2 protein chains.
Amino acid sequence: MLGRKSVEQATRRATIADVAEAAGVSKTAVSFAFNSPDRLGTATASRILEVAGSLGYRPHPVARALTQRRTATIGVLTPQALSIIFSNPFFGAFSEGVALVAEESGYGLHFISPLHGSLANAVSRTTVDGCVAIGLSADHPEVDQVRRAGLPMVLVDSSALPDFPSVEVDDEAGARAAAEHLLALGHRDILVIGVEPPHPAGREDPEGVMNRRLRGYRAAIEAAGLELSDDHVVVGPASIAGGMAAFEGAWGDGLRPTGILAMSDAMAVGAMRAIRDQRMSVPGDLSVVGFDDLDLAQLIDPPLTTVHQPVRRKGEEAVRLLLSAISGRSAERPEHMRLETRLIVRASTGPPPVPARR
Amino acid sequence: MLGRKSVEQATRRATIADVAEAAGVSKTAVSFAFNSPDRLGTATASRILEVAGSLGYRPHPVARALTQRRTATIGVLTPQALSIIFSNPFFGAFSEGVALVAEESGYGLHFISPLHGSLANAVSRTTVDGCVAIGLSADHPEVDQVRRAGLPMVLVDSSALPDFPSVEVDDEAGARAAAEHLLALGHRDILVIGVEPPHPAGREDPEGVMNRRLRGYRAAIEAAGLELSDDHVVVGPASIAGGMAAFEGAWGDGLRPTGILAMSDAMAVGAMRAIRDQRMSVPGDLSVVGFDDLDLAQLIDPPLTTVHQPVRRKGEEAVRLLLSAISGRSAERPEHMRLETRLIVRASTGPPPVPARR
DNA sequence: CCGGTTTAGCAAACCGGTTTAGTGAAGCTA
DNA sequence: TAGCTTCACTAAACCGGTTTGCTAAACCGG
């Protein structure tokens with residue numbers, strides 16, 4: 001019975017014209033009854049609503065969005081497939097911040113990934129009032145398409161573009177602090193585990209997060225009179241598995257560092273797991289420093305020394321900037337926020353082992 | 001300069017009529033050029049596309065959605081605010097599965113939470129082709145609204161409704177296996193840490209996940225000739241903090257269990273942390289069993305004994321069912337899937353300590 | 001060179017709402 | 001009781017596309 005009923009309703013959804021006819025009024029009146037009841041007589045308004053209810057009428061959201069030029073939705077642009085993104089705890093924390101501000105302002109969230117290869121393509125099919133792009137390199141062709149579409153956008157963790165507002169953190173200073181910490185403990189042989197840029201290799205953004213952090217590491221290392229050679233920088237996807245693979249690769253190549261600088265907590269955790277698999281201990285044999293300071297970092301054993309960045313707040317601020325751009329009350333010049341990072345020392349770092357075997 | 005340019009474009013976005021006029025053709029021709037170029041002469045089609053490009057024209061997605069009656073978007077309905085949901089690793093894994101299937105079918109993802117209190121309200125404002133609802137109790141009034149709106153929907157982890165397809169797991173069997181494991185190890189005093197239903201308290205769903213798992217635990221305990229008293233069941237939000245608080249509360253009330261059955265991995269982790277704070281060890285002093293088997297479970301120390309459920313696959317299957325409902329090729333009767341659970345024994349469980357103090 | 005079929009393109013209707021400009025009746029002032 | 005407002009409501013235009021039905025020209029075989 002229910003089944004049949006729902007089939008009938010799926011067949012033909014009630015429209016505003018149906019309600020108008022059933023109630024013996026104009027479409028305008030029905031629209032008023034829903035949107036500005038004070039423009040109607042009390043009796044008429046409530047009768048219309050009643051009729052509408054009995055017909056199961058709901059204003060069609062798409063039609064409404066068309067006339068109001070507003071979808072009450074913001075898009076989150078990600079450089080990778082969503083199925084990869086959602087397994088990344090960093091992204092979860094970021095989304096938390098995004099969701100918090102979006103929700104309290106009555107906006108829904110739409111996640112947009114490079115559908116069938118092209119982000120621009122995906123964006124142009126999508127019904128949003130504006131979007132937050134995370135980790136998009138600024139020279140991406142997609143960015144230009146968005147610009148031409150006239151869609152408000154805020155960039156997070158991208159090299160800043162003058163005409164879009166942006167939110168980033170002081171990656172370089174954070175990275176430098178992490179490296180200085182290891183150096184101060186006495187480490188001299190340091191391996192950097194970097195996050196692989198998701199973009200099709202080749203065009204690499206010199207202002208991307210990867211390179212900014214690398215500059216910080218390198219600055220500290222060179223200030224100590226040492227050198228960071230290219231073979232001491234390995235990369236992989238920003239995941240636990242990626243961290244394991246990166247460490248195992250380097251170890252297999254014969255590298256024997258005493259300290260590891262990982263560009264994400266997830267990779268640091270992966271490295272720690274790989275280290276344990278080699279029957280070595282953290283921080284006894286190797287020290288590990290992460291980046292992000294996710295919940296994860298305190299959770300594991302030993303708790304991870306890492307560079308804290310306000311991931312959640314990045315999401316919040318990005319949406320705030322976006323909402324003000326959408327409402328048109330944005331400043332003359334787009335705002336560029338740079339948030340702080342700081343080193344959190346926990347138990348995954350210590351002095352290097354006394355040189356026994358080498 | 002760029003700034004001014006983008007302002008101008010934001011002022012007035014090119015429409016299909018603009019392109020038609022500039023190219024000296026009809027709106028129809030422009031539409032054809034984009035959607036079925038073979039209905040136009042090759043020269044005309046490419047000229048139109050060129051003109052469109054120079055004007056920065058993109059078909060307006062909302063207008064397109066209106067005529068095509070399709071938004072290429074599916075909604076994910078959550079019972080709690082998104083800012084809470086995204087911090088839950090269970091949800092991340094579930095979303096992964098959802099995203100995987102949605103993306104490969106060309107659908108975008110829209111997350112819908114109880115905006116301003118009402119989920120139904122949020123749903124009716126949202127432009128989606130169908131939705132996946134997770135953890136919604138079936139007697140929710142929202143469900144009826146969705147039914148009346150004629151929107152295809154799939155229920156996950158809800159008590160199944162006959163006229164909506166659904167995906168669930170065998171919670172009861174999984175819970176029973178977990179309890180039997182503790183009992184077999186010799187535990188006699190067991191504390192259950194349950195997930196608090198997110199709904200406004202009062203109306204509790206006897207077929208909800210919480211109660212299904214509780215039945216499983218209870219069945220095993222009673223089969224062993226013991227009893228699970230009400231004060232040995234504590235609840236809290238399904239998070240690490242919730243697990244800590246739940247254990248601390250019970251301990252503070254004087255309970256001294258030797259085994260803990262937690263209804264989520266996150267709560268189990270929280271309990272383990274609280275136990276360590278009390279200077280006790282897992283599994284030496286207390287054994288802990290989780291539920292879900294997230295990545296988390298293998299990551300922590302000691303690795304968590306837990307009930308595995310195919311979280312990610314739940315997301316995948318739910319979207320598959322939804323897509324077939326959307327395309328109208330759904331079966332006469334909605335399909336109800338029940339996936340398997342199984343106990344994974346790791347290192348967080350062991351025999352109870354020999355009775356020393358008591 | 002003729003009737004029939006393709007081809008290329010257009011005008012108008014349509015999707016389902018919102019909004020503007022206006023109309024007739026009732027209420028109020030003088 | 002004329003003239004001005006206010007009230008309750010409506011017809012028609014509009015948002016920006018797609019789709020249907022049609023026409024005129026080009027093509028074709030005989």
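Owing to the predicted nature of the structure, the values given are computational and were not obtained by experimental measurement. Letters go in sequence order (proteins before strands), and every chain restarts at 1.
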Relative to each other, are the rings of B:Tyr57 and B:Phe34 parallel, tilted or perpendicular (30° and 60° limits)?
perpendicular
Closest-nucleotide 5' rank along DNA chain C - winner of B:Arg47 and A:Asn35
B:Arg47
SB check A:Lys314 A:Asp157 (cutoff 4.0 Å):
yes
Determine the minimum heavy-atom distance between A:Met153 and A:Leu77, stating which atoms define it.
SD-CD2, 4.4 Å
Taking OP1 and OP2 of C:dG16, is either one under 4.0 Å from a side-chain nitrogen or oxygen of A:Arg13?
no
Taking D:dC9, C:dG9, C:dG16 as options, the one with an atom nearest any side-chain atom of B:Arg39 is C:dG9
Atom CG of A:Leu55 and atom P of C:dG17 are separated, to the nearest Å, by 12 Å
Donor-acceptor pair present, B:Lys27 side chain and D:dG16 base, under 3.5 Å:
no
pair_partner(D:dG30), Watson-Crick or wobble, both distances < 3.5 Å, evaluates to C:dC1
Check this one for me: any side-chain N or O of B:Thr67 less than 4.0 Å away from OP1 or OP2 of D:dG17?
no
So A:Thr15, base contact, sugar-phosphate only, or nothing? Heavy-atom distance under 4.0 Å.
sugar-phosphate
Please report the distance, rounded to the nearest Å, between CD1 in A:Ile16 and P in D:dA13.
18 Å
Quickly work out the A:Ile48 CD1 to D:dC9 P distance and round it to whole Å.
7 Å
Please confirm whether the shortest side-chain N or O distance from B:Tyr57 to OP1 or OP2 of D:dG16 is below 4.0 Å.
no
Are any side-chain N or O atoms of B:Glu103 and backbone N or O atoms of A:Leu82, one a donor and one an acceptor, separated by less than 3.5 Å?
yes
Are any of B:Thr44's side-chain N or O atoms less than 4.0 Å away from OP1 or OP2 of C:dG9?
yes
Base, sugar-phosphate, or nothing for B:Thr28, non-hydrogen atoms under 4.0 angstrom?
base
Check whether NZ of the Lys or CZ of the Arg A:Arg320 lies under 6.0 Å from the centre of the six-membered ring of A:Tyr107 and within 45 degrees of that ring's axis.
no
Kindly point out which of D:dT18, C:dT18, C:dC10 is positioned nearest to the side chain of B:Ala29?
C:dC10
Sugar-phosphate, base or nothing in reach of B:Leu66, heavy atoms under 4.0 Å:
base
Does C:dT18 have a Watson-Crick or wobble mate here (both distances under 3.5 Å), and if so which one?
D:dA13
Roughly, in whole Å, what's the span from CG in B:Asp18 to P in D:dC15?
11 Å
Could you tell me how far apart A:Phe32 (CZ) and D:dC7 (P) are, to the nearest whole angstrom?
14 Å
Within this structure, what is the CZ-to-C1' distance between A:Arg64 and C:dG16, rounded to whole angstrom?
11 Å
Could you tell me whether B:Val25 contacts a base, only the sugar-phosphate backbone, or nothing, with contacts defined as non-hydrogen atoms closer than 4.0 Å?
sugar-phosphate
Separation of D:dT10 C1' from A:Glu21 CD (nearest whole Å)
16 Å
Taking atom P of D:dG16 as reference, at what distance in whole Å does atom CD of A:Gln68 sit?
14 Å
Do B:Ser166 and B:His336 meet the criterion of a side-chain donor-acceptor pair at a distance under 3.5 Å?
yes
Reckon B:Arg58 touches a base, only the sugar-phosphate, or nothing at all at heavy-atom distances under 4.0 Å?
sugar-phosphate
